[in-house]
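Data first, discussion second: the structure below is written as structure tokens.
Please read all numbers here as calculations on a predicted model, not as lab measurements.
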Amino acid sequence: MLFQQYQLFKLAYVRVNEQMGGLRLAPQALVCKNVAIDGDVQIGNGTVVHVGASIIAKNGPIIIGNNNIISERAVIINKHSTPLMIGDNNMLETEALVEGRGIGHKNVIQVRGKVVGTSTLGNNCVVGAMCTTDPSENVPDNTILFGNPQSRRTRSDNNSDYLFLHMKHLEYIHEMLPRYNHIIEAE
């Protein structure tokens, strides 16, 4: 009886939370318990959020697509009133920062790479290790930011192997991460 009351309370709490914003997880999302998630956040199917990541919807919602990998200590923060959209099949490596207006699909933001200000990132882009977008830049598709001093070039290949390797990486994470971490269950 007590367990049933707890389940009803839990269900009512989730509904109130969804009406006010809160965290909404797709059934196949994998989110560790030791993360900081605050505000109106939606996480899509297959997306993995590692221990120590922060997703903070400060002024507007954050919508994260399917099959993304958000690594340790990566930070996603929405300081704008409009939704921060993150597409599908992206990789945010350790200590990556996304605070711009959004990123497309199949992007890699490497260690300490930053998408800042009101900038957006197209599809199939790479923000290299410790590289930063300009604060109000719209980075076009297939752009690679790299080096110190920072340079950029347009990708000449179609990056066809990326999706295969990304999906294999996700498959491995979905198998191994729950073995060694506490996971937030989708309701």
If you count the non-hydrogen atoms of other residues, nucleotides and ligands that lie under 6.0 Å from NZ in Lys114, is the total more than 12?
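Atom NZ in Lys114 is not crowded, with 12 or fewer foreign heavy atoms closer than 6.0 Å.
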More than 12 heavy atoms of other residues, nucleotides or ligands under 6.0 Å from CD of Gln28: is that the case?
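Atom CD in Gln28 is not crowded, with 12 or fewer foreign heavy atoms closer than 6.0 Å.
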Sub-4.5 Å side-chain heavy-atom contact between [X] and [Y]:
{"X": "Leu23", "Y": "Ile43", "result": "yes"}
{"X": "Leu177", "Y": "Tyr172", "result": "no"}
{"X": "Thr47", "Y": "Leu30", "result": "no"}

No-hydrogen, no-angle side-chain donor-acceptor test under 3.5 Å, Asn68 and Asn90:
yes
Less than 3.5 Å apart, any donor N or O on the side chain of Asn124 or Asn142 sitting next to an acceptor on the other?
yes
Which value, rounded to the nearest 0.5 Å, describes the distance between Glu93 atom CD and Gln110 atom CD?
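Answer rounded to 0.5 Å: 5.0 Å.
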Stepwise salt bridge (charged side-chain N to carboxylate O under 4.0 Å, His left out) test for Glu185 and Lys33:
CA-CA 9 Å; Glu185 299 292 331; Lys33 283 192 176 179; over 6 Å; no
Of all heavy-atom pairs between Ala26 and Ala186, which one has the smallest distance, and what is that distance?
O-CB, 3.7 Å
Looking at Thr118, Thr82, Asn78, which hits side-chain hydrogen bond (donor to acceptor under 3.5 Å, both in side chains) with Arg101?
Thr82
Can a salt bridge be assigned to the pair Arg24 and Asp40 using a cut-off of 4.0 Å between side-chain N and carboxylate O?
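Judged by the 4.0 Å cut-off on N to carboxylate O distance, Arg24 and Asp40 do form a salt bridge.
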